[in-house]
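I have placed the structure first, in the form of structure tokens, so that the comments after it can refer back to it.
We name chains A, B, ... by the order of the sequence lines, and we start the count at 1 in each one. Note that these values count all heavy atoms, side chains included, but never hydrogens, waters or copies made by symmetry.
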2 protein chains.
Amino acid sequence: MATVSRVLNAPDAVSPKTREKVEAAIRTLRFVPSAAARAINSGRTRFVGALVPTLDNAIFARFLAALEHKLAERRLSLVVATTHNDPAIEAEKAKTLVDIGAEGLIVSGITHDPALDDLIERCQLPAIATSYHDPDYHLPTVGYDNAAATALALDYLAGQGHRDIAVVHGPLANNDRTRARLAGLDQVDRAVALQFFETEIAIPGGCRAASAVLAAHRRVSAILCFSDVLALGVLFEMQRNAVRVPDDLSLMGIDDLAASAHSEPGLTTVHLPVSRMGEASATAIAGWIETKERPAPVLLAPDRIIRGSTGAVASG
Amino acid sequence: MATVSRVLNAPDAVSPKTREKVEAAIRTLRFVPSAAARAINSGRTRFVGALVPTLDNAIFARFLAALEHKLAERRLSLVVATTHNDPAIEAEKAKTLVDIGAEGLIVSGITHDPALDDLIERCQLPAIATSYHDPDYHLPTVGYDNAAATALALDYLAGQGHRDIAVVHGPLANNDRTRARLAGLDQVDRAVALQFFETEIAIPGGCRAASAVLAAHRRVSAILCFSDVLALGVLFEMQRNAVRVPDDLSLMGIDDLAASAHSEPGLTTVHLPVSRMGEASATAIAGWIETKERPAPVLLAPDRIIRGSTGAVASG
DNA sequence: TAGGTTGATGTAACCAGTTACATGTGTCAA
DNA sequence: TTGACACATGTAACTGGTTACATCAACCTA
């Protein structure tokens with residue numbers, strides 16, 4: 001028994017001929033070591049859980065891809081669960097992840113069910129809040145400043161002379177990221193009239209919002225979407241209605257999806273460093289698990305990307 | 001000890017007052033049951049692993065979303081690992097998943113490293129191959145007939161009078177799905193001249209392929225992309241070059257992404273039922289784990305979706 | 001009141017490994 | 001030849017739960 005364990009974990013400590021005998025026995029007996037038995041001794045299960053709103057938005061897929069990749073480097077696996085922005089589902093799935101042995105948790109934003117906070121507290125579980133920045137939050141945040149991102153966008157549009165702007169955003173319910181982005185607009189010190197359009201964060205949602213913008217009484221010269229997915233939907237709808245972008249209407253997004261760089265016109269947007277966020281989250285949670293030391297919050301700067309979908313308003 | 005276990009798993013078997021005492025003790029002692037210890041007894045870890053080529057393509061994200069959802073109904077969690085279409089990485093990550101205790105594996109396609117087959121064999125691990133259909137494969141497949149999907153597409157284009165068609169596809173290396181789709185073209189019994197363009201499966205890949213198509217000596221009247229992501233890239237590139245779709249060139253994809261229904265023009269495509277595939281995979285693997293009985297292969301029919309991106313060739 | 005039954009609770013074996021420690025064997029120098 | 005030491009290997013305790021079984025008290029019936 002002990003020798004088998006040594007062959008598997010420290011082959012050098014066993015003489016070559018015993019090792020070979022054991023290895024032969026392992027093969028003939030089809031012996032497969034039990035992960036649970038190993039876990040009970042090491043206290044390690046070697047996986048962490050990530051709770052994301054959805055996989056349908058490429059922005060989360062990109063985040064998870066980076067997270068998974070970096071975790072794998074630290075020999076950690078990734079369990080994924082989707083919450084559909086419902087704190088109750090999030091808390092429930094978090095419970096399941098803990099029940100199966102997750103060593104840490106990655107969550108989105110800072111709005112959560114008390115049951116989730118309680119779970120993290122009780123289990124003394126390393127947990128990181130992403131897509132958000134708040135150094136005072138009770139969990140370390142790894143993310144960007146959502147308000148700064150929209151401020152960056154609106155500031156640019158205003159700087160281009162736009163005074164009437166439609167803002168297309170996702171549902172406000174249970175979504176602190178969207179609310180923070182909304183709040184960011186107030187940081188811009190310019191005289192701009194805003195009209196707000198709430199819709200589902202998906203291509204059809206963008207299309208519907210675009211129709212609503214076109215149907216609105218007050219005309220706008222630019223549309224700011226809080227997500228590139230929405231902007232892409234808007235772009236398609238504009239093409240359908242023969243509204244030229246950016247000649248008739250400027251369009252700006254936030255996220256910087258892969259598609260945004262290659263659409264026609266290319267989408268002016270604010271790049272959110274979700275890949276780096278995935279890597280930073282992986283590093284933070286892995287470090288926390290290994291050293292037992294809570295990591296510091298990480299703030300990642302968003303970045304304005306100017307492409308062809310925006311133009312200046314002819315003065316006068 | 002036994003009583004604590006009973007309070008947690010069968011509260012009715014304990015008298016109310018003992019139960020309360022135990023619950024109070026659990027709270028004050030911050031007792032959290034160990035997942036590993038439970039797993040060692042039940043022999044269940046309650047999670048399965050999925051190995052997908054990438055998360056960047058929305059098609060896999062949609063598959064995983066459905067898979068995760070349906071697994072959750074069966075009280076199973078999902079561990080996700082990406083392979084980048086590299087069989088060696090796939091085998092390595094599969095090993096990691098088994099090491100941490102995955103009760104089953106979901107893989108893509110039927111081209112794998114021998115090490116993976118060996119692992120599945122040795123561990124007697126329930127494993128399902130998706131995105132493919134082959135009733136004779138040594139693992140049960142849950143998927144669609146890739147050859148049938150492209151045949152459906154090419155047949156439609158040929159029926160619309162197209163005789164010169166460009167085929168834009170992803171890398172052939174290590175990708176049996178792409179090769180099967182290529183083989184499907186031969187099933188179409190029509191006189192059609194095909195030109196092939198291999199590129200990376202992503203929007204920029206589609207853009208580059210589109211440029212290549214436009215630069216080719218021989219003109220085509222239609223482009224068939226083996227993936228909607230590619231078709232979207234092609235569409236953007238055509239817009240950039242003022243090539244009208246479908247007036248100047250018909251464009252057809254395969255996948256039916258969310259974006260495809262709402263692009264301008266809407267993308268004619270072959271719908272691949274990846275959500276149903278996710279659900280069916282979840283049902284199959286969960287059933288296999290619970291009943292120990294290997295499930296039957298599942299064949300899901302692809303479906304032609306005609307939208308605005310294709311048109312008939314004017315005869316003569 | 002004795003005996004049977006029921007329900008609650010404690011005891012200890014068990015799951016499948018890891019690891020500290022004890023034992024055994026072989027090599028080498030004195 | 002013997003003691004010292006290194007190295008290999010076996011033994012048993014330990015991880016943290018679950019569960020079969022034993023025990024015991026309370027209640028009901030004969």
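- Residue A:Val4 is classed as having no contact, given no heavy-atom separation below 4.0 Å to the nucleic acid.
- Side chain to side chain, B:Asn174 and B:Thr111 fail the donor-acceptor criterion of an N or O pair below 3.5 Å.
- The nearest whole Å value for the distance from the CD1 atom in B:Ile40 to the P atom in D:dT18 is 12 Å.
- For the helix from C:dT1-D:dA30 to C:dA30-D:dT1, the axis fitted to the five pairs at one end and the axis fitted to the five pairs at the other end meet at an angle of 50° (nearest 10 degrees).
- A:Asp99 has its CG atom 12 Å from the P atom of D:dG17, to the nearest Å.
- The A:Thr18 side chain lies nearest to D:dA8 when the options are D:dT18, D:dA8, D:dG16.
- The aromatic rings of B:Phe47 and A:Phe47 sit tilted, their planes meeting at an angle between 30° and 60°.
- Per the geometry, NZ belonging to A:Lys17 stands 9 Å off C1' belonging to D:dA8, to the nearest Å.
- Remark: P of D:dT15 and CZ of B:Phe31 are 14 Å apart, rounded to the nearest angstrom.
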* Can you check ring pair (Phe, Tyr, Trp, His ring centres under 6.0 Å) on A:Tyr144 and A:Tyr132, steps first, answer last? -> CA-CA 5 Å; A:Tyr144 33 79; A:Tyr132 211 92; 8.9 Å; no

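- Taking atom CZ of A:Arg6 as the reference point, atom C1' of D:dC7 lies 11 Å away to the nearest angstrom.
- Two residues are said to be in side-chain contact when any heavy atoms from C-beta on lie closer than 4.5 Å; A:Val48 and A:Leu78 meet this criterion.
- No hydrogens or angles considered: nothing links the side chains of B:Asn146 and B:Arg177 as a donor-acceptor pair under 3.5 Å.
- At the heavy-atom level, A:Ser15 lies under 4.0 Å from the strands shown only through sugar-phosphate atoms.
- Closest contact between the side chain of A:Asn41 and the listed nucleotides D:dC14, D:dG17, D:dA12 involves D:dC14.
- A tilted orientation is assigned to the rings of A:His112 and A:Tyr137, their planes being inclined by 30° to 60°.
- B:Ser34 comes within contact range of the sugar-phosphate backbone alone, with a heavy-atom separation under 4.0 Å but no base atom that close.
- Annotation for B:Ala65 and A:Leu55: closest pair N-CD1, 3.7 Å, computed over non-hydrogen atoms.
- A:Val32 comes within 4.0 angstrom of the backbone, heavy atoms only, and of no base.
- Read 5' to 3', the first and last nucleotides of DNA chain C with an atom closer than 4.0 Å to a heavy atom of chain B are C:dA8 to C:dA16.
- In this entry the distance linking CG of B:Leu8 with C1' of D:dT19 reads 15 Å, nearest Å.
- Residue B:Arg62 comes nearest to B:Ser275 through the heavy atom pair NE-OG, 4.0 Å, listed as atom of the first residue, atom of the second, then distance.
- Residues A:Leu125 and A:Val98 have side chains in contact (heavy-atom distance under 4.5 Å, counting atoms from C-beta outward).
- Computed from coordinates, the A:Arg19 CZ to D:dG10 C1' distance equals 18 Å when rounded to whole Å.
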